[in-house]
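Reviewing the structure listed below.
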Number of protein chains: 2
Amino acid sequence: MSHSPDPPGTRQAQKLRTRQALMSASLELLEQQSLSSLGLREVTRAVGISPAGFYRHFCGIPDLGVALVEETLGSLRALTAAILAETGDTERRIARTVELIARHVAEQPAYFRFLVRERTGGVAPVRRAIATQLDLFSEELTEVLAAETELRGWQPEDLRMLAGMYVDQMVMTAAALLEAGPDATEETARITRATRRRLRLINVGSAHWLDEGQPSSA
Amino acid sequence: MSHSPDPPGTRQAQKLRTRQALMSASLELLEQQSLSSLGLREVTRAVGISPAGFYRHFCGIPDLGVALVEETLGSLRALTAAILAETGDTERRIARTVELIARHVAEQPAYFRFLVRERTGGVAPVRRAIATQLDLFSEELTEVLAAETELRGWQPEDLRMLAGMYVDQMVMTAAALLEAGPDATEETARITRATRRRLRLINVGSAHWLDEGQPSSA
DNA sequence: GTAGTCAGTGAACAGTCGTACGCTGAAACC
DNA sequence: GGTTTCAGCGTACGACTGTTCACTGACTAC
């Protein structure tokens, strides 16, 4: 029997699979607690490997946390890319943006919950990793905004400020939606409505920023 | 010796003092971790009482957390009262508001760190308690805004939205200042500058809200 | 085919954890 | 005065924690 001697790369593939299992199991456990209280044994038990096996993949829970940040990045990238691809008039873009946030949060609640919770959590390296990523998105958004015709003539620092407000608004909306839970349709509607209103206010503010927003005119 | 038989109420006073010690010790320990990983023994050890003694004051760590929320309220009340008492033109009020936030956070970092961290932390009752309090502040602020002459003619829901933005902006600023640390004067200046800019944008937005902010005009 | 690599094991380590029990001694009460 | 109350103690319990070590056995490379 010329059975192929197991597909090549079986070794490394299996290792990756276990690593992935550790991460997604952690993500599940983290829905009800925070990273600083997550136990190493708790994770390995959920995956079905021995505690010692954990160290073949991570040198500790904080390390796993940082890895989770990087994985979570995927969800965030997909969301922001979808938002930035949005076209149409302002009101339509606001509606679609909020819609997109709500859908992504509903589809991948664990990722967003992790980000929102550990952004201010008790594990410094994870906090830093999340902050770095959000800053990165903010910078990307700044560049996109710089190309916007409505924002012609804006100072770079003002553009950064505006981008930061959008990013923070996204995070806060995600946090509120998660807190409401998946079945609270009425509360969810309330949150998305409030977010649309906020984005509208920010847009009105930017429309008149150059008229009276700069302190130099004082 | 007609020594007074100890001031009356010694018993209750001592109990209160121990309770207070438990709470402030917890607050200190929480600067480096989150509530869901805070150990009961860890707290009693810091205070110098036996683990069993803890139960004379709280029925568990989550209970202590909720009590901490109520205590923390004092700091928040002082801050918001100071902000609301501010007068003068818009730009001056913005500057003073941000100044006040920075000072309060610098003077009572532990309280604000606790609020910011546990607002999205892993302990549901504490999360709810903080959300309730922040909602309360938001409502109070809504009523104050309703009396503002510049906001005459605003819909109640729009006022609530604006108040919510201010509150969230406060929380986010506090979070950023805490993350920077007390000695990062340059970073602190950067943060306060950015916050002033944001508040300015919100103000410009509200100044033109009635002109074009309402979706009914579409 | 044979030697080497290495993901995962299983046992043991010294701690820590939350909780329960009955006790003590001082404050509070009548 | 005597009696009651009760904050805090000491001890003990079983369960759980992170980390280490030498090990096995399936995969890989030559």
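So that the names make sense, note that chain A is the first sequence line, chain B the second, and so on, each numbered from 1. All values derive from a computational prediction rather than experimental measurement.
Residues passing the ring pair (Phe, Tyr, Trp, His ring centres under 6.0 Å) test with B:Tyr111, sequence neighbours excluded: none.
Pairing each heavy atom of A:Arg197 with each of B:Trp209, the nearest pair is O-CH2, 3.7 Å.
Ranked by how close their nearest DNA chain D nucleotide is to the 5' end, A:Arg45 and A:Ala52 are led by A:Arg45.
Counting only residues at least two apart or on different chains, the salt bridge (charged side-chain N to carboxylate O under 4.0 Å, His left out) pairs with a member in residues 31-40 of chain A are A:Glu31-A:Arg113.
At a cut-off of 3.5 Å, with distance as the only test, no side-chain donor of A:Gln20 or A:Arg17 sits close to an acceptor on the other residue. Under 3.5 Å, the side chains of A:Ser37 and B:Ser36 contain a donor-acceptor pair of N or O atoms. Side-chain polar atoms of B:Thr18 and B:Gln14 form a donor-acceptor pair below 3.5 angstrom.
Between the CE atom of A:Met23 and the CZ atom of A:Arg19 there is a distance of 5.5 Å, given to the nearest 0.5 Å.
The number of heavy-atom neighbours closer than 6.0 Å to CD of B:Glu71, taken from other residues, nucleotides and ligands shown, is above 12.
Put simply, the side chain of A:Ile83 reaches to within 4.5 Å of the side chain of A:Leu79, judged on heavy atoms. At least one side-chain heavy atom of B:Arg119 sits less than 4.5 Å from a side-chain heavy atom of B:Leu134. A heavy-atom distance below 4.5 Å is found between the side chains of A:Leu177 and A:Thr173.
Note on B:Arg77 versus B:Glu140: salt bridge recorded, some NZ/NE/NH1/NH2 to OD/OE distance being below 4.0 Å.
Across the protein-nucleic acid pair, B:Gln12 atom CD and D:dG8 atom P stand 12 Å apart, rounded to whole Å. Regarding A:Lys15, its NZ atom lies at a distance of 15 Å from the C1' atom of D:dA26, rounded to whole Å. Going from atom CZ of B:Arg17 over to atom P of C:dA26 covers 17 Å, rounded to whole Å.
The stretch residues 18-43 of chain B comes close to DNA chain D through B:Thr18, B:Arg41, each having a heavy atom under 4.0 Å from the strand. Near DNA chain D, meaning a heavy atom under 4.0 Å away, the residues from residues 53-65 of chain B are B:Arg56, B:His57.
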Give me, pair by pair, the N or O atoms of the protein and of nucleotides 2-5 of chain C that are less than 3.5 Å apart, along with how far apart they are.
| from | atom 1 | to | atom 2 | distance (Å) |
| --- | --- | --- | --- | --- |
| C:dT5 | O2 | A:Arg11 | NH1 | 3.1 |
| C:dT5 | O2 | A:Arg11 | NH2 | 3.3 |

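Summary for the helix from C:dA14-D:dT17 to C:dC30-D:dG1: the axes at its two ends, each from 5 pairs, differ by 20° when rounded to the nearest 10 degrees.
A salt bridge (charged side-chain N to carboxylate O under 4.0 Å, His left out) with B:Arg93 is found for one member of B:Glu86, B:Glu99, B:Glu148 and no other, namely B:Glu148.
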